[in-house]
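The structure under discussion appears below in the form of structure tokens.
Values in this document were obtained by computation on a predicted structure and should not be read as measured data. As the structure lists them, so they are numbered: ligands from 1, and atoms in each ligand from 1.
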Amino acid sequence: MPEKLDMFCYQCSQTAGGTGCTQWGVCGKSPTVARLQDNLLLAAKGMSAYLYHARELGYTDPEIDAFLERAFYATFTNVNFDAEAFVELAVEAGEMNLRTMRLLKEAHIKAFGEPTPTQVRTGTVPGRAIIATGHGLKALHALLEQTEGTGINVYTHSELLPAHGYPGLRKFPHLVGNLGKAWFDQKELFAKVPAAILGTSNCVLLPREEYRDRMFTTGPARLPGVPHIPGYDYTLVIERARELPELPQAPGEVTMTTGYSLGSILPLAGKIKELVEAGKIRRFFLVGGCDAPHKKSTYYREFVQALPQDTIVLTLACGKFRFNDLELGEIEGIPRLIDLGQCNDSIVAVDLAQALADLFGVGVNDLPLTLVISWMEQKAVAILWSLLALGIKGIYLGPILPAWVNEDILKVLQAEYDLRLIGEPREDIARMLSG
Ligand code: SF3
């Protein structure tokens, strides 16, 4: 990797040796090392979020804990100056994140059963309501138990959509639907719908005054001026919902389907193989990731809309809200849009890709499969490195390059992993289909 010492310190945003430099100019850390250090921090943060949710369901792994300790220590200002070592640590973070997502998947399945395809209502039904947002399935389960028989309906928002696929969660008839889209519509949505709101994880935003007094956080989420519930007793949220007006009957424009798991797709493997060999399925696309309110993110909808009819779209995370209202139909009984779940369910996509590769007797990179990923934050960085750690090449990334990528790092990512930036949807599709 090309190295270049620079007098401007990216790490502490000071001129090395200048008045604000705490290392008296001797740290000498290059901008590339500092950015790789940032990358490792982001990946470790993402992994920690998944680990948190596994731990709250009673699942832990000392090897993951030990890696996180090493990763955080490596980001000291003055302990590791070696760019290659940071790339190795990033790959290791990717491997450890696979282990973490697998742990969390096991925890979710043991607690709530394996998801099966489930239709989810959008829009509202008459009655008082609580909206749960974030990723916390344990918190949602506790809320559903405590609201049972109260007449209060529970709605999911954003990354809690996949909760509807779990038998142990959808068994509650008062889990009535999903409202809104990706995390960044919450200010508008929560202001408009007079429900109590429970934020269960990351991807909450500072609330608007219109709904601050009916919002609550739990687990790792905290917001100023918003009551925080440290355990799983949601009495306060339920009491607040009782004070609010009933929501009207207002059917949504679409019904969404979520809850595809390995167990529900593998029985279709024989049929999928037959369709691929007969030329009726030309290519699979994994389109998903952490969505961002970026102008260029319209790419993902245009991309899915422009795909030919003989292609299948696998999706996960909140990036799917860009296009999961589209009616893509099916290919001889195989749905063209398959929602695998939350961002941590990337592990399902990985296992599915491996199962398809085994089925066709090829490596994952030789499958008719292209990954088109949107990235936004810490978890997406951890997942990107998981994919790279698996040796997956030719991933398309967008809407823009992550901030920690500079020219030197990009050169490595392109040379080693053939990482590509998204461009124009139709041109990209033509390139992908010919590749
Ligand atoms: Fe990412 Fe919030 Fe949407 Fe879980 S973590 S997907 S952005």
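- The pair Lys393-Glu416 does not meet the salt-bridge criterion, since no charged nitrogen lies less than 4.0 angstrom from a carboxylate oxygen.
- Aromatic ring centres of Phe303 and Phe285 lie closer together than 6.0 Å.
- Each of the following atoms of ligand 1 lies closer than 4.0 Å to a heavy atom of Trp183: 3 (Fe), 7 (S).
- For atom 2 (Fe) of ligand 1, the nearest non-hydrogen atom from the set Cys203, Ala317, Gly319 belongs to Cys203.
- Using a 4.0 Å cut-off between heavy atoms, Asn344 makes no contact with ligand 1 at all.
- Ligand 1 lies out of reach of Gln342, whose nearest heavy atom is not under 4.0 Å from it.
- Aromatic rings from His141 and Tyr232 are positioned such that their centres are separated by 6.0 Å or more.
- For atom 6 (S) of ligand 1, the closest non-hydrogen atom of the protein is Glu159 OE2, 3.3 Å.
- Residue contacts to atom 1 (Fe) of ligand 1: Cys290 brings an N, O or S atom closer than 2.8 Å.
- Taking 4.0 Å as the cut-off between side-chain N and carboxylate O, Glu239 and Arg242 do not count as a salt-bridged pair.
- Considering Phe321, Phe190, Phe184 in turn, Phe190 is the only one that fulfils the ring pair (Phe, Tyr, Trp, His ring centres under 6.0 Å) rule with His157.
- Atom 2 (Fe) of ligand 1 has no N, O or S atom of Cys343 under 2.8 Å away, backbone or side chain.
- In this structure, Lys271 contributes its side chain and Leu268 its backbone to no donor-acceptor pair below 3.5 Å.
- Heavy atoms of Cys318 found under 4.0 angstrom from ligand 1 belong to the backbone as well as the side chain.
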Applying salt bridge (charged side-chain N to carboxylate O under 4.0 Å, His left out) to Asp351 and Arg102, what does each step give before you reach the verdict?
CA-CA 10 Å; Asp351 289 345; Arg102 207 175 289 285; 2.9 Å; yes
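- Near Asn202, with a cut-off below 4.0 Å to any heavy atom, the atoms of ligand 1 are 2 (Fe), 5 (S).
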